[in-house]
Amino acid sequence: MSTGLDNAGAGAAARARGRWRTAAGVLAAAVVLSACGTTDPVEPGPSASGSGTTGSGAPGSSATSPSPTPYSSGPYSSNPTQSVPTIVYRPPYIERTEWTDTAVGPSLSVFPTTSGRYTTQPDAMTAAWVEVLALDPSADTPGMRAQFDCHWRFARLVEPEKPSWNLEPGRPVVAEEDMVGAGCNPGFAEE
């Protein structure tokens with residue numbers, strides 16, 4: 001008579017065998033992948049040093065394996081000083097500004113350049129605001145600066161291809177979390 005314990009033991013053994021097979025498969029894959037990028041196997045015969053060693057693995061053979069094939073360029077280059085080029089977005093960050101009349105009152109449309117949309121330079125936000133003020137000094141109000149900063153930090157990440165960022169002098173000055181919660185448009189809906 002068979003008990004449930006016999007079946008439970010058989011199931012545990014089968015699971016253990018499965019785990020070992022998985023581990024063996026992973027190990028086999030690692031061995032195969034570690035050979036990627038190596039030169040062709042060394043043919044039996046004298047080595048470059050003339051010592052008579054071979055790459056066959058037989059007694060008297062060299063214990064070293066062939067060296068990896070170096071890549072001349074790209075991410076797999078053997079030259080650690082080579083790297084993938086980094087795009088650096090430089091000023092100007094603002095192409096132009098333009099006042100428009102909207103249902104919510106006057107609005108300053110700020111048109112960022114490609115650099116303004118994608119730069120990650122730490123001081124770029126301040127430099128971009130200086131550019132806005134150079135284009136239109138009347139934008140120099142706390143509420144307009146806060147709206148600009150919100151667009152710079154968040155809106156350009158959410159919608160980088162938005163043609164312009166619209167800043168309204170009639171919007172209230174609010175805390176940063178309220179500004180972000182209002183989608184950079186506190187007080188009333190975006191025009």
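Sequence positions, counted from 1, serve as the residue numbers for this chain.
- Nearest approach of Phe148 to Val132, heavy atoms of both residues: CE1-CG2, 3.9 Å.
- Checking side-chain atoms of Arg171 against main-chain N and O of Gly187 turns up no donor-acceptor pair under 3.5 Å.
- Distance check: Ile94 CD1 to Asp136 CG gives 12.5 Å after rounding to the nearest 0.5 Å.
- A donor-acceptor pair is defined here as one N or O able to donate and one able to accept, closer than 3.5 Å; no such pair exists between the side chain of Glu159 and the backbone of Ala155.
- Here the OH atom belonging to Tyr118 is positioned 3.5 Å from the CD atom belonging to Glu161, to the nearest 0.5 angstrom.
- Shown here for Arg156 and Thr119, the closest heavy-atom pair between the two residues is NH2-O, 3.0 Å.
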**Request:** Apply side-chain contact (heavy atoms from CB on, under 4.5 Å) to Tyr93 and Trp152, showing your working.
**Result:** CA-CA 11 Å; Tyr93 300 120; Trp152 186 269; 4.2 Å; yes
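- Under the 4.5 Å side-chain heavy-atom criterion for grouping Ile, Leu, Val, Met, Phe, Trp and Tyr, Leu135 is connected to Trp99 within one hydrophobic cluster.
- The closest donor-acceptor contact from the side chain of Ser115 to the backbone of Arg90 lies under 3.5 Å.
- Here CE of Met179 is found 9.0 Å from NE2 of His151. Values are rounded to the nearest 0.5 Å.
- Going from atom CG of Leu167 over to atom OG1 of Thr97 covers 9.5 Å, rounded to the nearest 0.5 Å.
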**Message:** Using side chain to side chain donor-acceptor pair (under 3.5 Å), reason through Glu168 and Ser107 one step at a time and then give a plain yes or no.
**Reply:** CA-CA 5 Å; Glu168 291 82 26; Ser107 178; 2.8 Å; yes
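- Rounding to the nearest 0.5 Å gives a distance of 7.5 Å between CG of Asp149 and CH2 of Trp129.
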**Request:** Report the C-alpha distance between Cys184 and Trp165 in whole Å, list the side-chain angles of each, state the deciding distance to 0.1 Å, and finish with yes or no for side-chain contact (heavy atoms from CB on, under 4.5 Å).
**Result:** CA-CA 10 Å; Cys184 302; Trp165 306 328; over 6 Å; no
